[in-house]
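First up is the structure itself, then whatever we jot down about it.
This structure is a prediction, so every number in the text was calculated from the model and none was measured.
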Protein chains: 2
Amino acid sequence: MPGKPLALDDIDHRLLAELQADADRTLRDLGELVGLSPSAVLRRVEGYKAGGLLERKVAVLDTSQVPDLVLAVCLVTVERQTPEHRRAFCDLLKRTPQVQQVYDVSGVWDYVVILAAHGLPEVRELAERLFEADENVRKLTTLFVLDPVKTGCAVPTRPMEA
Amino acid sequence: MPGKPLALDDIDHRLLAELQADADRTLRDLGELVGLSPSAVLRRVEGYKAGGLLERKVAVLDTSQVPDLVLAVCLVTVERQTPEHRRAFCDLLKRTPQVQQVYDVSGVWDYVVILAAHGLPEVRELAERLFEADENVRKLTTLFVLDPVKTGCAVPTRPMEA
DNA sequence: CTGCGAGCGCAAAATTATTGCATGCCCGGG
DNA sequence: CCCGGGCATGCAATAATTTTGCGCTCGCAG
């Protein structure tokens with residue numbers, strides 16, 4: 001359960017931006033970057049974790065170094081959106097390692113799913129297992145990624161300055 | 001420049017999976033997890049970095065904790081794909097913090113772009129600045145994210161077992 | 001059979017992350 | 001205007017973790 005005071009100052013914003021860009025630095029380095037002592041940085045970071053803002057730290061691999069890796073963007077339209085179906089559908093996607101991201105969206109499509117598989121055959125198999133086998137999925141459009149121009153999950157913590 | 005021997009064994013795969021799930025663990029913990037001493041784990045991880053497989057470690061924030069954060073998936077179709085335009089277009093996207101991901105895709109659309117902005121106005125402004133202002137962008141479809149069901153950048157390092 | 005080369009565990013050494021503590025600052029209430 | 005109390009910080013001591021050196025074992029090729 002989130003819900004915390006959440007009052008970030010300029011240093012917090014800079015710290016979060018740095019951590020999202022590269023979380024593999026020492027507290028001392030981060031401290032110098034934002035003008036704070038190592039212990040102060042640690043206490044802030046611990047605060048983010050405790051408050052749930054900072055979810056976790058993860059390693060990011062270079063997709064081009066993984067042999068045969070194929071990325072695909074799937075646009076999915078379902079028949080009817082029942083709560084039960086939605087839960088089952090999302091749970092399956094969450095449990096599937098090859099499913100990188102899932103977004104419930106508004107508009108003509110209902111879901112945008114990003115897959116990361118090994119070779120086209122695996123993409124096809126996933127598409128069948130996850131979508132075509134689902135009675136409730138009406139339409140599926142798969143866009144193959146030719147080039148992952150930019151990747152990451154960083155989000156700006158404050159509005160644009162301009 | 002990548003290009004390395006790249007011969008991963010079972011332990012490497014498990015280690016990479018663990019690091020992609022949570023990179024904030026000690027070498028000792030990781031070692032116990034895969035059955036290796038801390039120093040052996042370190043040497044492997046250093047190897048991934050040196051080979052370029054492991055790009056970096058990043059902090060992941062809980063998007064629901066960032067006030068007013070709006071995610072959107074943009075499907076972009078361009079007029080003509082010239083190398084110059086492509087470079088300029090991609091560079092601009094790479095330099096824009098609110099642009100989380102960019103995929104060059106095959107099919108009816110040319111690019112899939114994921115935006116993370118503060119409030120709808122910012123999304124609109126970004127859409128104008130990044131796409132509508134570009135003479136070469138012919139069509140833009142924006143899908144607003146109602147719920148980020150699953151997020152992350154983890155990729156499987158080996159084919160499905162089944 | 002013998003000579004590498006790769007990778008490992010162990011233990012020492014170097015760095016870092018953590019914790020305790022006293023101080024300075026900002027506010028709200030005498 | 002002066003007086004706490006809460007809060008965040010720096011510093012220094014302490015606890016851990018990371019990093020390095022070294023000797024050993026295993027698999028393979030000469």
Side-chain angles (χ1 to χ4, degrees), chain A residues 1-62 65-67 153-154 156-159, chain B residues 1-62 65-67 154 156-158:
Chain A
M1 186 204 58
K4 272 293 165 302
L6 201 27
L8 307 177
D9 60 17
D10 181 68
I11 290 184
D12 287 315
H13 289 296
R14 280 192 286 153
L15 208 42
L16 288 168
E18 292 296 341
L19 288 172
Q20 289 190 87
D22 177 7
D24 202 19
R25 279 173 290 187
T26 64
L27 297 173
R28 188 160 53 72
D29 289 343
L30 291 170
E32 283 179 18
L33 225 39
V34 302
L36 231 47
S37 71
S39 53
V41 173
L42 174 66
R43 279 185 275 250
R44 292 203 181 212
V45 174
E46 288 301 318
Y48 307 147
K49 286 188 196 169
L53 208 206
L54 173 46
E55 217 165 70
R56 61 215 235 271
K57 294 183 186 174
V58 302
V60 178
L61 305 190
D62 177 356
Q65 294 246 6
V66 180
C153 292
T157 55
R158 51 181 167 187
Chain B
M1 188 202 58
K4 272 295 164 300
L6 201 29
L8 306 177
D9 61 18
D10 181 67
I11 291 184
D12 287 315
H13 289 297
R14 280 192 286 153
L15 208 41
L16 289 168
E18 293 295 341
L19 288 171
Q20 289 190 88
D22 178 5
D24 203 20
R25 277 173 291 186
T26 65
L27 297 173
R28 189 161 51 73
D29 289 343
L30 291 170
E32 283 179 18
L33 225 39
V34 302
L36 231 47
S37 72
S39 53
V41 172
L42 174 65
R43 280 186 274 251
R44 292 204 182 212
V45 174
E46 287 302 317
Y48 308 148
K49 286 188 196 169
L53 208 207
L54 174 46
E55 216 165 72
R56 60 206 172 108
K57 293 182 186 173
V58 302
V60 178
L61 305 190
D62 177 356
Q65 294 246 4
V66 180
T157 56
R158 51 182 167 185

Inset, instruction - Evaluate side chain to side chain contact (heavy atoms under 4.5 Å, CB included) for A:Leu16 paired with A:Leu8, printing each intermediate quantity in order. - result: CA-CA 10 Å; A:Leu16 288 168; A:Leu8 307 177; 3.9 Å; yes
Inset, instruction - Look only at the side chain of B:Gln65 and the backbone of A:Tyr48, and say whether a donor-acceptor pair between them is shorter than 3.5 Å. - result: no
Inset, instruction - Using atom CD1 of A:Ile11 as one end and atom C1' of D:dC7 as the other, report the distance to the nearest whole Å. - result: 14 Å
Inset, instruction - Figure out the NZ/C1' separation between B:Lys57 and D:dT18, and round it to whole Å. - result: 11 Å
Legend entry - Sub-4.5 Å side-chain heavy-atom contact between A:Arg158 and B:Val66: no
Inset, instruction - Mind calculating the distance between CG (A:Leu42) and P (C:dA17) to the nearest angstrom? - result: 8 Å
Inset, instruction - Starting from P on D:dC7, measure out to CG on A:Asp9 and report it in whole angstrom. - result: 15 Å
Legend entry - Separation of C:dT18 C1' from A:Glu46 CD (nearest whole Å): 9 Å
Inset, instruction - Please lay out, stage by stage, how B:Val58 and A:Gln20 fare under the test side chain to side chain contact (heavy atoms under 4.5 Å, CB included). - result: CA-CA 5 Å; B:Val58 302; A:Gln20 289 190 87; 5.7 Å; no
Inset, instruction - Decide side chain to side chain contact (heavy atoms under 4.5 Å, CB included) for B:Arg44 and B:Asp9; before the verdict, give the C-alpha distance in whole Å, the side-chain angles of both, and the deciding distance to 0.1 Å. - result: CA-CA 11 Å; B:Arg44 292 204 182 212; B:Asp9 61 18; 2.9 Å; yes
Legend entry - Nearest-angstrom distance from the residue atom CG of A:Leu36 to P of C:dG24: 18 Å
Legend entry - Minimal non-hydrogen separation, A:Leu19 against A:Arg25, with atom names: N-NH2, 4.5 Å
Inset, instruction - For A:Lys49 and B:Asp24, work out which heavy atoms get closest and say how close. - result: NZ-OD2, 3.3 Å
Every protein N/O lying under 3.5 Å from an N/O of nucleotides 10-13 of chain C:
from   : atom 1 : to      : atom 2 : distance (Å)
C:dC10 : N4     : B:Ser39 : OG     : 2.9

Inset, instruction - To the nearest Å, give me how far apart CG (B:Leu15) and C1' (C:dG7) are. - result: 14 Å
Legend entry - Which atom of B:Ala23 lies closest to which atom of B:Lys57, heavy atoms considered: CB-CD, 4.0 Å
Heteroatom pairs (N/O) under 3.5 angstrom, protein to nucleotides 14-17 of chain D:
from   : atom 1 : to      : atom 2 : distance (Å)
D:dT17 : OP1    : B:Arg28 : NH2    : 3.3
D:dT17 : OP2    : B:Arg28 : NH2    : 3.2

Inset, instruction - Can you see which heavy atom on A:Val34 is nearest to which on A:Arg14, and at what distance? - result: O-NH2, 3.6 Å
Legend entry - A:Arg44 CZ - D:dC7 P separation (whole Å): 15 Å
